[in-house]
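We count ligands from 1, going down the list as the structure has it; atoms in each ligand are counted the same way.
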Amino acid sequence: MTRLANFVGNRSMSELYDTYWVPAALDVFARGLAESVAPGNRVLDLACGTGLVAGYAAARAGVEGEVVGYDPTPGLLDAARAKSFPGAAITWIEGSGESMPFRDGEFDIVLCHQGMQYVTNRESTMAEVRRVLKTGGLFHVGVWASAPRQPAFGFVEDALAKHIGPEQKPVHAFSFGGLSELRRIAEAAGLTVQRLETVERPWRFRSVQEFVDVQIACAGRTNEDGQLAMGLVDLEDENWLPAIEAFTADAHAALAPYVGEHGLAAPFASDEMSARA
Ligand SMILES: C[S@@+](CC[C@H](N)C(=O)[O-])C[C@H]1O[C@@H](n2cnc3c(N)ncnc32)[C@H](O)[C@@H]1O
């Protein structure tokens, strides 16, 4: 068995996601996105995954509020259902953003954290967001900035394309297209943009090696069936070992300035938008 196959072991996609991506990269951005939720709000967490943003929204909405977590990937939703979150009751519903089973004007706030780059039709998803928001309701969304705009991790895209294969570019997580694309699809859906901002916060991993392992074994991408899948290569296939070693060498070179006694901590950029219905 290869070292990376051993690293993954029998762990499910949701376990890997919650163990590595959430604390290293997603948590600090997700908490910020939920900050505008007020007591009593009815909130939709679109592309909720394992429930990270829904949990923060429930704590803020309190017992008078209601939260719906909505996502097409059953394995992630099952992990969300198994958790207990304080505050508002959370209902977990399976489905895609392009067509949502909610009434017009049902929500005060829709949140979508690192999900819009994975939907297969962003225009219809945005139109659905507009439809399910009350008049005056708010949509807060975050999508990672593209690789060339990433202050520390920009090398990832070129290094993967060079060593693993050209089809790795653009990296799915970085593929959205920036603030102007957020504005374009929001305005096309009839939303009024109130804030467009690139936010920088640190991504933290125990080491460069841990970052490489997570990037190769646990990078997310949308499958043919519209669900999230993980991993860039067949981890059991030893033919990939030289390519993975070459990517590891590039990562050590690029990330050396960000390694300290507590591991790797390097700035990462997310494009955020707040828009009103
Ligand atoms: C990187 S995860 C983000 C999960 C969560 N928001 C978080 O911050 O931890 C991307 C999510 O987008 C979801 N997704 C993919 N395609 C989607 C679609 N068409 N509609 C809604 N969500 C989708 C995936 O299932 C996955 O849970």
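Which parts of ligand 1 touch Leu76 is read off a 4.0 Å heavy-atom cut-off, strictly below it: atoms 26 (C), 27 (O). Atoms of ligand 1 found under 4.0 Å from any heavy atom of Gly226, numbered from 1 in the order shown, are 16 (N).
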Derivation and outcome, side-chain contact (heavy atoms from CB on, under 4.5 Å), residues Leu196 and Leu182: CA-CA 8 Å; Leu196 271 174; Leu182 279 175; 4.1 Å; yes

Q.
For a salt bridge (charged side-chain N to carboxylate O under 4.0 Å, His left out) check, start with the C-alpha distance between Asp27 and Arg201, then their side-chain angles and the critical distance, and finish with the verdict.
A. CA-CA 10 Å; Asp27 189 60; Arg201 297 190 168 105; over 6 Å; no

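Contact annotation: for Tyr17 versus ligand 1, heavy atoms closer than 4.0 Å belong to the side chain alone. For Cys48, every heavy-atom contact with ligand 1 shorter than 4.0 Å involves the backbone, none the side chain. At a heavy-atom distance under 4.0 Å, atoms from both the backbone and the side chain of Val119 approach ligand 1. At a heavy-atom cutoff of 4.0 Å, ligand 1 is contacted by both the backbone and the side chain of Ala47.
When hydrogens are left out, the protein atom nearest atom 17 (C) of ligand 1 is Pro72 CG, 3.5 Å; that is the closest non-hydrogen contact. Atom 20 (N) of ligand 1 has its closest protein heavy atom at Gly97 N, 2.8 Å. Given atom 16 (N) of ligand 1, the protein heavy atom at minimum distance is Tyr118 O, 3.5 Å. Looking only at protein heavy atoms, the nearest one to atom 27 (O) of ligand 1 is Asp71 OD2, 2.6 Å. Looking only at heavy atoms of the protein, atom 8 (O) of ligand 1 is closest to His113 ND1, 2.8 Å. Of all protein heavy atoms, the one lying nearest to atom 10 (C) of ligand 1 is Gln114 O, 3.2 Å.
The shortest N or O to N or O distance between Glu98 and ligand 1 is below 3.5 Å. Polar contact check, Gly95 against ligand 1: no nitrogen or oxygen pair lies under 3.5 Å apart. The shortest N/O to N/O separation between Thr222 and ligand 1 does not fall below 3.5 Å. Between Thr73 and ligand 1, a contact under 3.5 Å exists for at least one N or O pair.
With sequence neighbours excluded, the residues that form a side chain to side chain contact (heavy atoms under 4.5 Å, CB included) with Ser207 are Gln209, Glu210. Taking Arg221 as the reference, His172, Asn223, Ala229 meet the side chain to side chain contact (heavy atoms under 4.5 Å, CB included) condition, with sequence neighbours excluded.
When Phe176, Phe174, Phe268 are each tested for a ring pair (Phe, Tyr, Trp, His ring centres under 6.0 Å) with Trp144, only one passes: Phe268. Only one option out of Trp203, Phe29, Phe211 pairs with Trp21 in a ring pair (Phe, Tyr, Trp, His ring centres under 6.0 Å); it is Trp203.
Ring-centre distance between Phe102 and Tyr70: below the 6.0 Å cut-off.
Judged by distance alone, the side chains of Thr192 and Glu187 never bring a donor and an acceptor atom under 3.5 Å apart.
By the neighbour-count criterion of 12 heavy atoms within 6.0 Å, atom CZ of Arg206 is sparsely surrounded, having that number or fewer from other residues, nucleotides or ligands. Residue Arg130 places its CZ atom among more than 12 non-hydrogen atoms of other residues, nucleotides or ligands, all under 6.0 Å distant.
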